[in-house]
Amino acid sequence: MLMAGCGDLGTEAGLRFAAAGHRVVGWRRSPEKLPAEIEGVAADLTSAELPAVPADTSAVVIAVAADSSTEAAYRAAYVDGLGNVLDALKRDAVRPRRVLFVSSTAVCGDAGGGWVDEDATPAPDGFSGRIILEAEELLRGHFEGTDTDTVVLRLGGIYGPGRTRLIDQVGSGSAVIPAEVRFTNRIHRDDAAAAIVHLCTMEATPHPVYLGVDSHPADMGEVLRFLAEELGLPCPPTASREPEGSAGQPSRGGNKRCSNKRLRGTGFEFSFPTYREGYRAILEGKGVRHP
Ligand SMILES: NC(=O)c1ccc[n+]([C@@H]2O[C@H](COP(=O)([O-])OP(=O)(O)OC[C@H]3O[C@@H](n4cnc5c(N)ncnc54)[C@H](OP(=O)(O)O)[C@@H]3O)[C@@H](O)[C@H]2O)c1
């Protein structure tokens with residue numbers, strides 16, 4: 001297994017591949033941060049000079065993240081980074097059985113609070129979704145007509161050990177409940193990692209696209225009220241109006257409810273089917289964030 005971009009999510013997936021008996025190689029700029037189970041190799045995906053791809057690579061997972069919230073950083077990480085990995089595979093004549101690209105539900109855009117599945121036409125409303133969608137198309141086009149399965153996993157907002165933005169906001173008293181109902185589509189880091197392993201190793205041929213979200217798209221106000229209750233704190237105040245987005249980027253990732261029916265249809269089972277189980281585990285101190 002080759003993990004191209006191996007941070008919190010890539011490391012957790014890599015550890016799970018290793019526990020299942022696979023050799024795992026992790027490419028990142030600071031490979032010394034990786035645990036012993038993953039063979040770390042220094043690689044900058046934005047460079048055309050990537051290291052040799054191990055000849056026994058049966059699956060590649062691209063789980064790189066942008067260094068900052070700018071168009072240039074997104075393009076460098078997702079489009080250039082993916083393109084360089086694809087070039088390295090071609091250069092070394094390595095033909096994996098599967099290549100999985102970690103994408104985002106940001107490509108789906110806004111649905112006015114309605115349900116969205118993998119068959120909905122993507123309509124990203126910010127540069128991040130547009131650029132990630134471009135990377136999805138690059139991946140599909142590259143392997144069209146070959147024996148390699150391509151899988152795009154569009155993850156919702158990842159939360160997990162050490163990824164406690166909402167808990168911290170509620171704890172510090174800075175959380176504000178949105179003025180209008182706004183759905184948030186979330187997934188616990190461990191379920192996201194487990195889904196990557198499942199989609200890369202299942203016998204059945206995967207669909208080209210899966211939404212990676214838990215089973216309960218929830219109103220953000222509901223999540224914040226739940227966290228306040230769990231922490232024994234007063235309910236956060238409600239905003240008087242919706243915030244403005246910044247240029248080229250909407251204020252939030254679109255109001256929609258993403259369905260995980262296709263992912264569950266593969267036999268995948270969630271350890272944290274809703275934010276409640278997931279946040280309770282975090283509040284109990286379970287798990288660690290990988291550097
Ligand atoms: N955060 C969310 O809520 C969310 C939502 C949907 C989808 N996602 C997707 O989830 C994926 C992984 O997220 P994560 O939580 O694992 O992020 P993360 O912990 O920040 O890990 C990303 C890794 O990418 C590596 N990286 C960045 N630029 C690189 C480059 N030029 N060359 C090589 N490696 C590079 C970084 O390692 P080095 O610094 O050592 O290079 C880092 O370890 C991303 O694809 C992201 O788009 C995230």
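As the structure lists them, so they are numbered: ligands from 1, and atoms in each ligand from 1. Just so it is clear, the values below take in all heavy atoms, side chains as well, and ignore hydrogens, waters and symmetry mates. Just so it is clear, the model here is predicted, and its values are computed rather than measured. Just so you know, residue 1 is the first one in the sequence shown, and it goes up from there.
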Nearest to atom 5 (C) of ligand 1 by heavy atom, Ala192, Gly156, Ser104: which?
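It is Gly156 that holds the nearest heavy atom.
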So between Ala65, Gly157, Ser47, Ala76, whose heavy atom ends up nearest atom 17 (O) of ligand 1?
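Minimum heavy-atom distance to atom 17 (O) of ligand 1 goes to Ala65.
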May I ask whether [X] places a heavy atom under 4.0 Å from ligand 1?
X      : result
Ala43  : yes
Ala77  : no
Tyr78  : yes
Gly212 : no

Measure across Leu34 and Cys6 and return the closest heavy-atom pair with its distance rounded to 0.1 Å.
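What the structure gives for the nearest pair is CD2-O, 3.6 Å.
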Identify, by atom number and element, the atoms of ligand 1 in contact range of [X], meaning under 4.0 Å from any of its heavy atoms.
X      : answer
Ala63  : 12 (C), 22 (C), 45 (O)
Arg28  : 33 (C), 34 (N), 37 (O), 38 (P), 40 (O), 41 (O), 43 (O)
Cys6   : 43 (O)
Gly7   : 16 (O), 19 (O), 21 (O), 23 (C), 42 (C), 43 (O)
Val102 : 9 (C), 10 (O), 11 (C), 45 (O)
Asp44  : 30 (C), 31 (N), 32 (N)
Leu45  : 30 (C), 31 (N), 32 (N), 33 (C)

Could you see which bit of Arg163 sits under 4.0 Å from ligand 1, with heavy atoms only: side chain, backbone, both or neither?
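The part of Arg163 near ligand 1 is the side chain, not the backbone.
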Just to be sure I read this right, does ligand 1 sit under 4.0 Å from the backbone of Ala106, its side chain, both, or neither, counting only heavy atoms?
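The answer is neither.
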Between Tyr74 and Phe127, is the ring centroid distance below 6.0 Å?
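Yes, close enough.
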Tyr279 and Phe226 aromatic centres sub-6.0 Å:
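Distance test on ring centres: not under 6.0 Å, no.
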For [X], is at least one N or O under 3.5 Å away from an N or O on ligand 1?
X      : result
Val64  : yes
Trp27  : no
Ile62  : no
Gly5   : no
Arg289 : no
Pro291 : no

Students often mix this up, so state it plainly: with edges at 30° and 60°, are the rings of His22 and Phe17 parallel, tilted or perpendicular?
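The rings of His22 and Phe17 stand perpendicular, inter-plane angle above 60°.
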Can you tell me how the ring of His188 sits relative to the ring of Tyr159, calling it parallel under 30°, perpendicular over 60° and tilted otherwise?
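It falls in the perpendicular class, over 60°.
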Any side-chain heavy-atom pair of Cys108 and Leu211 under 4.5 Å:
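In short, these two side chains touch, coming nearer than 4.5 Å.
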Can you confirm whether Leu133 sits close enough to Pro122 that some side-chain heavy atom of one is under 4.5 Å from a side-chain heavy atom of the other?
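The answer is yes, as the side chains (C-beta and beyond) meet within the 4.5 Å cut-off.
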What residue and heavy atom of the protein are closest to [atom], and at what distance?
atom                    : answer
atom 19 (O) of ligand 1 : Asp8 N, 3.0 Å
atom 7 (C) of ligand 1  : Ser103 O, 3.3 Å
atom 28 (N) of ligand 1 : Arg29 NH2, 3.1 Å

Just verifying a value: how many Å separate Thr11 OG1 and Met3 CE, rounded to the nearest 0.5 Å?
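Reported value, rounded in 0.5 Å steps: 8.0 Å.
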Counting only heavy atoms not in Glu277, do more than 12 fall under 6.0 Å of its CD?
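Yes.
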Does Arg257 make a cation-pi contact with Phe183 (under 6.0 Å, within 45 degrees of the axis)?
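Judged by the rule (NZ or CZ under 6.0 Å from the ring centre, within 45° of its axis), Arg257 counts as positioned above Phe183.
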